[in-house]
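Take a look at the structure set out below.
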Amino acid sequence: MIKEFLPEKLLDIGCGTGTIVEHLKSKIPSITAIDILPESIEYCKKSMTLLNLLQADAMYIPLKDKSFDIVLILDIIEHLPYDTIAIS
């Protein structure tokens, strides 16, 4: 479904092993992926060609508001203590 929109900039919050962005990188020019776990970021650095990786907490993302066309936050919402605040 995301490929239909062809966004210029995508942010994946909670990228884990980077499986989702790995499938999207050929269609989307700029992808930034963040995860709270340093192990996830290191894994992505070793196994993917994604350049924009950042270790960060989903509750405190050090990026400018409205700087992405699409934001993915898959499989982590249920783990956030204040999910509505994180989404906003």
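Everything numeric in this text was worked out from a predicted model, so none of it was measured.
We find the CD-OG distance between Glu22 and Ser47 to be 7.0 Å, quoted to the nearest 0.5 Å. Note that OG of Ser26 is 8.5 Å distant from CD1 of Ile31, once rounded to the nearest 0.5 Å.
In this structure the side chain of Lys45 reaches within 4.5 angstrom of the side chain of Leu53, judged on heavy atoms. Counting heavy atoms from C-beta on, the side chains of Leu72 and Leu10 come closer than 4.5 Å. Using a 4.5 Å cut-off on side-chain heavy atoms (C-beta onward), Thr32 and Phe68 make contact.
Residues His23 and Thr19 approach most closely at CD2-O, 2.9 Å, considering heavy atoms. Residues Cys15 and Ala33 come closest through the heavy atom pair CB-CB, 3.6 Å. Across Ile28 and Pro7, no two heavy atoms sit closer than the pair CG2-O, 3.4 Å.
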Test log, rule side chain to side chain contact (heavy atoms under 4.5 Å, CB included), inputs Asp12 and Ile34: CA-CA 6 Å; Asp12 184 12; Ile34 70 169; over 6 Å; no
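For Pro62, the side chain to side chain contact (heavy atoms under 4.5 Å, CB included) test picks out Leu54, Ala56, with sequence neighbours left out. With sequence neighbours excluded, the residues satisfying side chain to side chain contact (heavy atoms under 4.5 Å, CB included) with Ser30 are Lys9, Asn52.
Taking hydrophobic clusters as Ile, Leu, Val, Met, Phe, Trp and Tyr residues chained together by side-chain heavy-atom distances below 4.5 Å, Leu37 does not share a cluster with Ile20. Both Leu74 and Leu24 sit in one connected hydrophobic cluster of ILVMFWY residues. Membership requires side-chain heavy atoms under 4.5 Å apart, directly or through other members. Hydrophobic cluster membership is shared by Ile73 and Leu11, with clusters built from Ile, Leu, Val, Met, Phe, Trp and Tyr side chains linked at under 4.5 angstrom.
Counting only residues at least two apart or in different chains, side-chain hydrogen bond (donor to acceptor under 3.5 Å, both in side chains) contacts with residues 33-43 are absent.
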